[in-house]
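Below, chains carry the letters A, B, ... as their sequence lines are ordered, and counting in each starts from 1.
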Protein chains: 2
Amino acid sequence: MMIQIDFHSDEAIYVQLCNQIILGIATSQFREGEQLPSVRALAEAIGVNMHTVNKAYAILQREGFLKIDRRRGAVIALDIDKLRALSEAREELSIVLARAICRNINRNEMHALVDDIYDAWGG
Amino acid sequence: MMIQIDFHSDEAIYVQLCNQIILGIATSQFREGEQLPSVRALAEAIGVNMHTVNKAYAILQREGFLKIDRRRGAVIALDIDKLRALSEAREELSIVLARAICRNINRNEMHALVDDIYDAWGG
DNA sequence: CATCTGTTATAGGAATGATATAACAGATGG
DNA sequence: CCATCTGTTATATCATTCCTATAACAGATG
């Protein structure tokens with residue numbers, strides 16, 4: 001998977017990294033059990049500091065998207081807590097929907113957007 | 001509307017302010033043409049600096065959620081650019097859906113969440 | 001033993017977030 | 001006219017965050 005960082009974005013690099021990897025998992029570009037590049041390798045590849053990648057990996061580990069093994073490095077491993085996941089999704093979705101509603105995007109249009117994305121990702 | 005700030009959150013105060021006001025608009029607690037408190041009044045009310053509120057108002061103005069008039073202060077005024085709005089909503093939604101998919105939240109559950117929120121807000 | 005993992009410590013520089021004080025221009029109401 | 005209310009701008013300061021840099025450590029591999 002190609003990870004793309006926008007160095008001119010106002011979003012922190014480590015946040016972009018987290019989001020890109022999560023997007024990669026959701027779109028099956030990364031699969032359960034698959035290894036991610038080592039912190040040093042990925043840092044070298046995208047031209048950032050090792051600690052920036054390490055920070056992203058540590059966050060993804062803490063949030064249950066991957067597990068880290070000194071032998072194999074960072075490995076995709078999803079920790080599912082469905083109830084908490086739904087609660088978190090609802091909160092994040094609320095912010096997005098609020099902005100959308102202010103722009104006159106109605107319920108049907110939002111459902112269409114959701115379907116679009118699920119379709120595009122093969123869900 | 002009661003604006004609630006979490007001073008222990010890792011989200012910046014001015015970001016929380018923006019989100020709360022957008023949520024307020026989406027849920028009809030604020031209506032088109034309605035006045036918001038003055039920067040000084042709101043800052044006093046929630047116990048933050050005037051400039052912090054001013055920053056939030058300036059952002060909301062730039063993003064087209066309100067207009068600012070020296071006479072009447074900050075007034076809800078939605079600037080609708082439907083195409084751009086859909087594009088932005090899609091991007092924000094992608095991040096939320098990616099996290100949700102990683103937690104095994106399927107398409108139907110996501111649609112249910114969307115309906116839940118629209119229902120709760122009277123959409 | 002050399003080399004690869006993640007991890008930790010420490011430090012420095014740049015940018016951001018929040019505060020504080022102060023002043024200005026425009027509009028309002030007495 | 002004047003006191004008072006708007007948003008806005010200009011400084012300055014302080015703490016925190018982001019990113020980088022250098023270095024070292026423990027565990028596992030071949």
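For a distance-only test at 3.5 Å, the side chain of A/R40 qualifies as a donor-acceptor partner of the base of C/dT7.
Considering only the side chain of B/A12, C/dG17 comes nearest among D/dC19, D/dT6, C/dG17. When distances are taken from the side chain of B/V39 to each of D/dG7, C/dA22, C/dT5, the shortest belongs to D/dG7. Of the candidate nucleotides D/dC18, C/dT7, D/dT8, D/dT8 has the atom nearest to the side chain of B/I68.
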A/D81/B/R103 under salt bridge (charged side-chain N to carboxylate O under 4.0 Å, His left out): CA gap, chis, key distance, verdict: CA-CA 7 Å; A/D81 181 339; B/R103 271 68 168 91; over 6 Å; no
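Across the interface with DNA chain D, nearest-nucleotide mapping of A/Y14 and A/H51 shows A/Y14 to be the residue nearer the 5′ end. Looking at which nucleotide of DNA chain D each of A/N49 and A/D69 is closest to, the 5′-most match is held by A/N49.
Following rounding to the nearest Å, B/M50 (CE) and C/dG17 (P) show an atom-to-atom distance of 17 Å. In this structure, B/R72 places its CZ atom 15 Å from C1' of C/dG26, rounding to the nearest Å. Regarding B/Q35, its CD atom lies at a distance of 13 Å from the C1' atom of C/dT28, rounded to whole Å. B/I59 has its CD1 atom 15 Å from the C1' atom of D/dT8, to the nearest Å. Atom CG in B/L17 sits roughly 13 Å away from atom P in C/dG17 (whole-Å rounding). In this entry the distance linking CZ of A/F7 with C1' of D/dC19 reads 11 Å, nearest Å. Whole-Å rounding puts the A/E11 CD to C/dA15 P distance at 19 Å. Note: CD1 (B/I13) to P (C/dG17) measures 11 Å, nearest angstrom.
Distances shorter than 4.0 Å separate none of the side-chain N or O atoms of B/K55 from OP1 or OP2 on C/dA18. For the OP1/OP2 pair of C/dG17 and a distance below 4.0 Å, the side-chain nitrogens and oxygens of B/Q16 include no atom meeting the criterion. Within the 4.0 Å cut-off from OP1 or OP2 of C/dT7, at least one side-chain nitrogen or oxygen of A/N54 is found. Not one side-chain nitrogen or oxygen of A/T52 sits closer than 4.0 Å to the OP1 or OP2 atom of D/dC19.
Residue B/V53 is tested with B/L17, B/I3, B/I13 for a side-chain contact (heavy atoms from CB on, under 4.5 Å); the sole match is B/L17. The only member of B/I117, B/L86, B/L93 that meets side-chain contact (heavy atoms from CB on, under 4.5 Å) when paired with A/M110 is B/L93.
Using a 4.5 Å heavy-atom cutoff, the side chains of B/Y14 and B/V48 are not in contact.
Within the shown strands, C/dC4 is the pairing partner of D/dG27 under the Watson-Crick or G-U definition, both distances less than 3.5 Å. Applying the Watson-Crick and G-U wobble criteria (two distances, each under 3.5 Å), C/dG12 pairs with D/dC19.
Across all strands, B/Q61 comes closer than 4.0 Å only to sugar-phosphate atoms, never to a base (heavy-atom distances).
Checked by atom type and distance alone, the side chain of B/Q16 pairs as donor or acceptor with a backbone atom of B/D6 at under 3.5 Å.
A/E44 CD: 12 or fewer foreign heavy atoms inside a 6.0 Å radius.
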